[in-house]
Q: 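Before we start, here is the structure in question, set down as structure tokens.
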Amino acid sequence: MAPLVSPKWLTKPSQFLISSLSFLVFIFLDFLDFLFCIYFYYIDGFLEGKSSPCYCKTGNEDKKSENEVSETLYRRKNVFRKMRFVRKYENLQENENGVLGNRWSDCGCESCVAWMMNAHHRLFVAVSEASQASLENVHAKPAEDVLFLHGFLSSSEFWTRSIFPEFSEFVRDNYRLFAVDLLGFGRSPKPRACLYTLRDHLEMIEESVICPFQLKSFHLVAHSMGCVLALALAAKYPDTVKSVTLVAPPYFPSSDIDAGTKALERLAGKSLWPPILFGSAVMTWYEHLGRCVCFFICRNHRAWEKILKLFTHKRDLLQTIENVTQHTHHSAWHTMHNVICGGAKYMDGYLETIRKSGVKICVIQGSRDQVVPLECSNNIKTKVLDADVRVIANADHGSVILGRSQDFARDLESIWASTADTTVQVAGFC
């Protein structure tokens, strides 16, 4: 028996219904963000003596070149942004101690503000290196260095808890592994007087790892947002980096001025489905709604951790929650726009420099990644023909690493071994 209603009859009406619902939802979110803009203006002024700045007023695009900030901070469409109540962005100034502390809406627990006691304000660096006994057994052969860069809303524990324990004894005896908490995340500094530009992140990595540990040659391993920083480092030190392993790199070929906007629309487009994309859209397009979410989740992270420990003993879940909450809205908001989006226009140049230098590039991504489109890995293969691209079946954005820790560790060992015969001679650059 033939169906009563042909699927073709439902296609256009269903698409119209979804589009209409999406339009209404995001118009409502536009209005909410507008209201919270006014709310934060007054409550910040009341609680802190000075209203905190925001990017709600258009017409300041010319400042992006001065501060190296992304155009996406100013060009996010909102039907209420031109209303006269919306405020103008102004640069934050440091206080008399040189550091602006957390806002009233940020967590003030000991672990979240401990960085302010760090006189040097360097990144937190977790180091795994061979013991002295091991070095003596291999005749004090210098260890190879590997720098791990985590993704957005993550920390060094993404690597130290899941991947470092899986390495073979050979790697533990012959490699020195560095995992950093990027600026604004984990246990690293989260200054308010910072715009978290690509340059800010790179300088902190240099000052906290490359220079103090005198890395003369090293491998890079990065996940998601960390891939942008890894490519920037590899392009800056093409004669120093031995290999670059990129896991789910957000790369869209484009070097024009609107590259950031294109990246924003592809990675966090205004969509109701899937839920992870909707969440990304809310946190990326709506500055003040995002701050509300951070106030609810990050400021109360200790309570959420206690609840999770009470009802579940899943280590991976607890680790993920801890990583997601270790930032401020100011650091996450600016890093998202100024690194992921703002770095988009530089990616072609980075890859071209790396290609010419002959640095080995390996790309790994899950076939079910809903955060970074699978085409991003293929884009790198198009740009760098020698790049080794591996698609892991049935893996998503996180499980491509966390769901196959042993296999991923073996993959890295194989990549590093393939460059073992490469001799790198570099003069000191610090």
Q: Between Ser51 and Asp44, is there a side-chain donor-acceptor contact under 3.5 Å, judged purely by atom types and distance?
A: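 Ser51 and Asp44 do not have a side-chain donor-acceptor pair below 3.5 Å.
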
Q: I want to check something: taking the side chain as every heavy atom from C-beta on, are Leu231 and Val228 in contact at a cut-off of under 4.5 Å?
A: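 They are not in side-chain contact.
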
Q: Taking Ser357 for its side chain and Ile354 for its backbone only, find out whether a donor-acceptor pair lies under 3.5 Å.
A: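 Here the side-chain-to-backbone pair exists.
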
Q: Would you call the rings of Phe34 and Phe31 parallel, tilted or perpendicular, taking 30° and 60° as the class edges?
A: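 If you compare the ring of Phe34 with that of Phe31, the planes turn out tilted.
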
Q: Are side-chain N/O atoms of Ser19 and Ser22 paired as donor and acceptor at under 3.5 Å?
A: no

Q: Mark yes or no for whether Trp285, through its side chain, and Ala268, through its backbone, hold a donor-acceptor pair below 3.5 Å.
A: yes

Q: Give, for atom OG of Ser105 and atom NE2 of His330, the distance between the pair rounded to the nearest 0.5 Å.
A: 11.5 Å

Q: Could you give the distance from NE2 (His223) to CG (Leu149), rounded to the nearest 0.5 Å?
A: 12.0 Å

Q: A quick test of your reading: do over 12 heavy atoms of other residues, nucleotides or ligands sit less than 6.0 Å from CZ of Arg368?
A: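 Not buried by this count: 12 neighbours or fewer within 6.0 Å.
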
Q: Give a yes or no answer on whether the side chain of Ser154 reaches the backbone of His150 with a donor-acceptor pair at less than 3.5 Å.
A: no

Q: Heavy-atom distance under 4.5 Å between the side chains of Met225 and Met336, does that happen here?
A: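 Result no, sub-4.5 Å side-chain heavy-atom pair not found.
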
Q: Within this structure, what is the CG-SG distance for the pair Asn300 and Cys107, rounded to the nearest 0.5 Å?
A: 8.0 Å

Q: What I want to find out is whether Glu305 reaches Arg302 closely enough, with some N-O distance under 4.0 Å, to be called a salt bridge.
A: no

Q: For Phe213, is the NZ or CZ atom of Arg176 found under 6.0 angstrom from the centre of its six-membered ring and inside 45 degrees of the ring axis?
A: no

Q: Less than 4.5 Å apart, side chain to side chain, heavy atoms only: is that true for Trp416 and Val221?
A: yes

Q: Could you check if a side-chain atom of Thr325 sits within less than 4.5 angstrom of a side-chain atom of Trp304, using non-hydrogen atoms only?
A: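 Counting from C-beta outward, Thr325 and Trp304 never come under 4.5 Å.
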
Q: Tell me yes or no: between the side chains of Asp396 and Ser399, is some donor less than 3.5 Å from an acceptor?
A: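 There is such a pair between these side chains.
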
Q: Rounded at 0.5 Å granularity, tell me how far CZ in Phe167 sits from CD in Gln406.
A: 12.0 Å

Q: Can any side-chain N or O of Asn338 pair as donor or acceptor with the backbone N or O of Leu195 at less than 3.5 Å?
A: yes

Q: At their closest point, which heavy atom of Ile415 faces which heavy atom of Cys362, and how far apart are they?
A: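 Distance-wise, the nearest heavy atoms are CD1-SG, 3.5 Å.
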
Q: Contact between His327 and Thr335 at the side-chain level, heavy atoms closer than 4.5 Å - yes or no?
A: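 When only atoms from C-beta onward are counted, Thr335 and His327 do not touch, as no gap falls below 4.5 Å.
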
Q: If you measure from CZ on Phe252 to SG on Cys376, what distance do you get to the nearest 0.5 Å?
A: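 Going from the CZ atom of Phe252 to the SG atom of Cys376 covers 3.5 Å.
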
Q: Please check: side-chain N/O of Tyr251 versus main-chain N/O of Ala344, any donor-acceptor pairing under 3.5 Å?
A: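 Judged by distance alone, no pair lies under 3.5 Å.
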
Q: Closest heavy-atom contact between Leu153 and Ala332?
A: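 That would be CD2-CB, 4.1 Å.
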
Q: Just by distance, no angles: are the side chains of Glu144 and His219 close enough, under 3.5 Å, to form a donor-acceptor pair?
A: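 Per modelled atom types, Glu144 and His219 side chains form a pair under 3.5 Å.
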
Q: Check for a donor-acceptor pair, side chain of Ser367 on one end and backbone N or O of Asn394 on the other, with a separation under 3.5 Å.
A: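 At least one qualifying donor-acceptor pair exists.
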
Q: Check for a donor-acceptor pair, side chain of His329 on one end and backbone N or O of Glu287 on the other, with a separation under 3.5 Å.
A: yes

Q: For the residue pair Pro250 and Met347, what are the closest heavy atoms and their distance?
A: O-CE, 3.9 Å

Q: Indicate yes or no for a side-chain donor-acceptor contact from Lys345 to the backbone of Ala259 under 3.5 Å, with no hydrogens or angles considered.
A: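 Absent.
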
Q: Taking all non-hydrogen atoms of both residues into account, name the closest pair between Ser168 and Arg410 and its distance.
A: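 Heavy atoms only, the tightest pair is N-NH2, 3.3 Å.
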
Q: Any pair with a residue in residues 30-39 that passes salt bridge (Lys or Arg N to Asp or Glu O under 4.0 Å), sequence neighbours left out, goes on the list, sorted by first then second residue, please.
A: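 For residues 30-39: Asp30-Lys270.
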
Q: Using side-chain heavy atoms (C-beta onward) and a distance below 4.5 Å, is His201 in contact with Met204?
A: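 Contact flag for His201/Met204 side chains = no.
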
Q: Would Thr284 and Val282 count as a side-chain contact (heavy atoms from CB on, under 4.5 Å) if you check the C-alpha gap in whole Å, the side-chain angles of each, and the deciding distance to 0.1 Å?
A: CA-CA 6 Å; Thr284 307; Val282 172; over 6 Å; no

Q: Do Thr197 side-chain atoms and Glu68 backbone N/O form a donor-acceptor pair below 3.5 Å?
A: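 Side chain of Thr197 to backbone of Glu68, a donor-acceptor pair under 3.5 Å: no, none is there.
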
Q: Check Glu129 with Arg172, please: is the shortest side-chain N to carboxylate O separation under 4.0 Å?
A: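 Judged by the 4.0 Å cut-off on N to carboxylate O distance, Arg172 and Glu129 do not form a salt bridge.
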
Q: Could you check if a side-chain atom of Ile210 sits within less than 4.5 angstrom of a side-chain atom of Leu233, using non-hydrogen atoms only?
A: yes

Q: Using the rule given for ring pair (Phe, Tyr, Trp, His ring centres under 6.0 Å), can you reason through Tyr286 versus Trp333, listing the C-alpha separation, both sets of side-chain angles and the distance that settles it, and then say yes or no?
A: CA-CA 10 Å; Tyr286 299 105; Trp333 169 260; 9.2 Å; no

Q: Heavy-atom count check: over 12 atoms from other residues, nucleotides or ligands less than 6.0 Å from Arg199 CZ?
A: no

Q: Working to the nearest 0.5 Å, report the span between OH of Tyr196 and NZ of Lys190.
A: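 Spacing of OH (Tyr196) from NZ (Lys190) equals 8.0 Å.
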
Q: Return the minimal non-hydrogen interatomic distance between Asp200 and Cys194, and the atom names on each side.
A: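 So the two residues come closest at OD2-SG, 3.6 Å.
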
Q: Output, in order, the C-alpha distance, side-chain angles, deciding distance and verdict of ring pair (Phe, Tyr, Trp, His ring centres under 6.0 Å) for Phe148 and Phe178.
A: CA-CA 6 Å; Phe148 290 79; Phe178 299 89; 9.5 Å; no

Q: Using side-chain heavy atoms (C-beta onward) and a distance below 4.5 Å, is Pro253 in contact with Thr382?
A: no

Q: Give a yes or no on whether a salt bridge exists between Glu375 and Arg266, defined as a side-chain N under 4.0 angstrom from a carboxylate O.
A: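 Salt bridge between Glu375 and Arg266, a charged N being under 4.0 Å from a carboxylate O: yes.
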
Q: Decide yes or no on salt bridge (charged side-chain N to carboxylate O under 4.0 Å, His left out) for Lys216 and Asp145, but give the supporting numbers first.
A: CA-CA 9 Å; Lys216 302 304 181 184; Asp145 294 319; over 6 Å; no

Q: Using the rule given for side-chain contact (heavy atoms from CB on, under 4.5 Å), can you reason through Val363 versus Asp388, listing the C-alpha separation, both sets of side-chain angles and the distance that settles it, and then say yes or no?
A: CA-CA 6 Å; Val363 182; Asp388 179 11; over 6 Å; no

Q: Begin with the C-alpha distance, continue with both residues' side-chain angles, and end with the deciding distance and a verdict on side-chain contact (heavy atoms from CB on, under 4.5 Å) for Asp369 and Leu374.
A: CA-CA 7 Å; Asp369 195 330; Leu374 190 58; 5.9 Å; no

Q: Decide side-chain contact (heavy atoms from CB on, under 4.5 Å) for Val25 and Phe278; before the verdict, give the C-alpha distance in whole Å, the side-chain angles of both, and the deciding distance to 0.1 Å.
A: CA-CA 11 Å; Val25 168; Phe278 175 69; 4.2 Å; yes

Q: Do other residues, nucleotides or ligands put more than 12 heavy atoms under 6.0 Å from the CD atom of Glu48?
A: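 Count over threshold, so yes.
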
Q: Before you tell me yes or no, could you show the steps for His337 and Thr72 under side chain to side chain donor-acceptor pair (under 3.5 Å), namely the whole-Å CA-CA distance, both residues' side-chain angles and the distance that decides it to 0.1 Å?
A: CA-CA 6 Å; His337 284 278; Thr72 58; 2.7 Å; yes

Q: What pair of heavy atoms forms the shortest contact from Cys37 to Cys56, and how long is it?
A: SG-SG, 3.7 Å

Q: Flag the pair Glu265 and Arg76 as a salt bridge only when some basic side-chain nitrogen lies within less than 4.0 angstrom of an acidic carboxylate oxygen.
A: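 No, no charged N to carboxylate O under 4.0 Å.
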
Q: Can you check whether Gly260's main-chain N or O pairs, donor with acceptor, with Glu71's side chain at less than 3.5 Å?
A: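 Present.
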
Q: Decide, yes or no, whether a salt bridge links Asp258 with Arg75 under the criterion of side-chain N to carboxylate O below 4.0 Å.
A: yes

Q: For the residue pair Tyr55 / His334, report whether a side-chain donor-acceptor contact shorter than 3.5 Å exists.
A: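 Note: His334 and Tyr55 side chains meet the donor-acceptor criterion.
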
Q: Could you tell me if the ring centre of Trp104 sits under 6.0 Å from that of Phe46?
A: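 Ring-ring flag for Trp104/Phe46: false, centres at least 6.0 Å apart.
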
Q: Between Ser377 and Gln365, do the side chains contain an N or O donor and an N or O acceptor separated by less than 3.5 Å?
A: yes

